[in-house]
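Each ligand, and each atom within it, is numbered from 1 in the order the structure gives. Residue indices begin at 1 and follow the sequence shown. What you see is a predicted model, and the numbers here were worked out from it, not measured in a lab.
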Amino acid sequence: MKMLVLELYNYREWTEILGNDREWKIQLSQHSLVSKLLERSSQIGGILLPMRYDLLLIPSDGLRKSSLMNLLRYSSRLSPVAVRACLGYGKNPQKAQEEGYKCVKNLDPGQFRLDSYPDSNVVVAHFDLNGFTDLTFRTNVYDSFVEAQKFYMDILSTTYHLGGVAQYMGGDNIVAFLSEEEIDQVASIVENNPRIKVGIGVGVNARDALRKATKALTEIRKERRGVWKILQE
Ligand SMILES: Nc1nc2c(ncn2[C@@H]2O[C@H](COP(=O)(O)OP(=O)(O)OP(=O)(O)O)[C@@H](O)[C@H]2O)c(=O)[nH]1
């Protein structure tokens, strides 16, 4: 599996020159950059996973090298600091990003390294809590946010051990990128927990897999049965 690792070089030093009244400026800069790179990565069939905001990931199986190179040049124009990036390759998303980060740390600012590797199918597990919006026991916004974050931590730690990379997507939605070998393990996660359901998508690239995972979730809702569903075609 392939994972593009982007690093905003010397990001801490940049934040410090903004002075004490900086947090709003950092948030503005980060969300603006993520928004533009999300759009560009989706246009080429991928998705941006913001992670720490100074270290960002793009699942890259099924994406053209030329498209990734154009995206990186674009990111350099937008970023407040130099960008360096490397395409990592490994047996699962976690190993791929690990290899990518090892490579990035040896690059000069502004340098990109996109070696050629074979493509794998992209597997996305889209997890969702049942009845999240209509649970009346919650008394305020913050309780629902805390519940969603607890759910995120549960999924993050479970999929971590499967070599996955998870990202909170808003509401009660968590997506995890995994290798095809781990699909059966995902099903067992939800079979033991009636509160959650998962749609699994297998695609030629991240956007295709995400679309199928969301479609699988929608079908589970319609059928109102089953806690997991896999869509591959
Ligand atoms: N990122 C993302 N957020 C979503 C999606 N669908 C809904 N949301 C958000 O998640 C919240 C919960 O939506 P749902 O999961 O559909 O609501 P629910 O009450 O859990 O309904 P069921 O899942 O059918 O039990 C919504 O208020 C939205 O904020 C999605 O596909 N992706």
Side-chain angles (χ1 to χ4, degrees), residues 3 27 30-53 55-60 62 93 97 121-160 162 164-178 183 186-233:
M3 192 68 82
Q27 294 310 310
Q30 286 179 171
H31 288 279
S32 170
L33 179 63
V34 163
S35 167
K36 293 182 175 74
L37 292 186
L38 256 174
E39 183 177 27
R40 185 61 68 89
S41 55
S42 304
Q43 283 169 347
I44 65 172
I47 183 95
L48 178 81
L49 303 176
M51 297 288 128
R52 285 182 14 181
Y53 288 89
L55 284 172
L56 307 97
L57 299 178
I58 296 179
S60 298
Q97 60 84 34
N121 281 334
V122 178
V123 176
V124 168
H126 183 158
F127 295 88
D128 180 278
L129 283 170
N130 293 323
F132 184 70
T133 44
D134 60 16
L135 285 182
T136 52
F137 76 88
R138 266 198 314 281
T139 55
N140 56 55
V141 172
Y142 194 60
D143 286 357
S144 68
F145 172 73
V146 169
E147 183 188 355
Q149 294 306 303
K150 282 180 183 168
F151 177 44
Y152 180 32
M153 286 315 296
D154 288 346
I155 298 299
L156 191 146
S157 53
T158 307
T159 54
Y160 184 90
L162 302 178
V165 168
Q167 178 86 58
Y168 176 64
M169 305 300 269
D172 63 343
N173 294 264
I174 317 293
V175 298
F177 287 81
L178 295 146
I183 287 181
V186 173
S188 59
I189 292 172
V190 294
E191 279 167 351
N192 304 321
N193 185 341
R195 279 215 60 210
I196 62 179
K197 56 183 173 294
V198 64
I200 300 170
V202 181
V204 293
N205 59 39
R207 181 168 172 181
D208 183 40
L210 279 160
R211 179 181 54 79
K212 289 171 178 171
T214 302
K215 185 169 187 283
L217 259 187
T218 306
E219 292 181 0
I220 292 174
R221 284 196 181 92
K222 276 190 204 135
E223 294 154 12
R224 280 284 163 212
R225 61 182 175 78
V227 286
W228 56 275
K229 189 177 188 88
I230 301 174
L231 287 182
Q232 290 179 280
E233 301 312 320

N/O of Asp128 under 3.5 Å from N/O of ligand 1, yes or no?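 Between Asp128 and ligand 1 (N or O atoms, distance only) the closest approach is under 3.5 Å.
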With only distance considered, is Gly171 within less than 3.5 Å of ligand 1 through an N or O on each side?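 Checking ligand 1 against Gly171, no N or O pair falls under 3.5 Å apart.
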Under the salt bridge (Lys or Arg N to Asp or Glu O under 4.0 Å) rule, what pairs show up with a residue in residues 207-217, not counting sequence neighbours? Asp208-Arg211, Asp208-Lys212, Lys215-Glu219
Give me the atom names and distance for the closest heavy-atom approach of Phe151 to Asp172.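 That closest heavy-atom pairing would be CE2-O, 3.3 Å.
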Mind listing the closest non-hydrogen atom pair of Thr159 and Leu156 along with its distance?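 Thr159 and Leu156 have their closest heavy atoms at OG1-O, 3.3 Å.
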Which bit of Arg221 gets closer than 4.0 Å to ligand 1, counting heavy atoms only: side chain, backbone, both or neither?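 Near ligand 1, Arg221 shows its side chain, while the N, CA, C and O stay back.
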The answer for which part of Leu129 has a heavy atom under 4.0 Å from ligand 1 is backbone
I need the Leu38 CG to Leu56 CG distance, nearest 0.5 Å. 9.5 Å
Which ligand 1 atoms does Met169 reach within 4.0 Å, using its non-hydrogen atoms? 1 (N)
Ligand 1 atoms in contact with His126 (distance to a heavy atom under 4.0 Å): 31 (O)
Is Leu129 close to Glu147 at the side-chain level, that is, under 4.5 Å between some pair of heavy atoms? yes
The one among Asn130, Asn173, Thr218 that brings a heavy atom closest to atom 5 (C) of ligand 1: Asn173
Listed once per pair and sorted, the side chain to side chain donor-acceptor pair (under 3.5 Å) pairs that draw on residues 33-48, sequence neighbours left out: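 Sorted result for residues 33-48: Ser32-Lys36.
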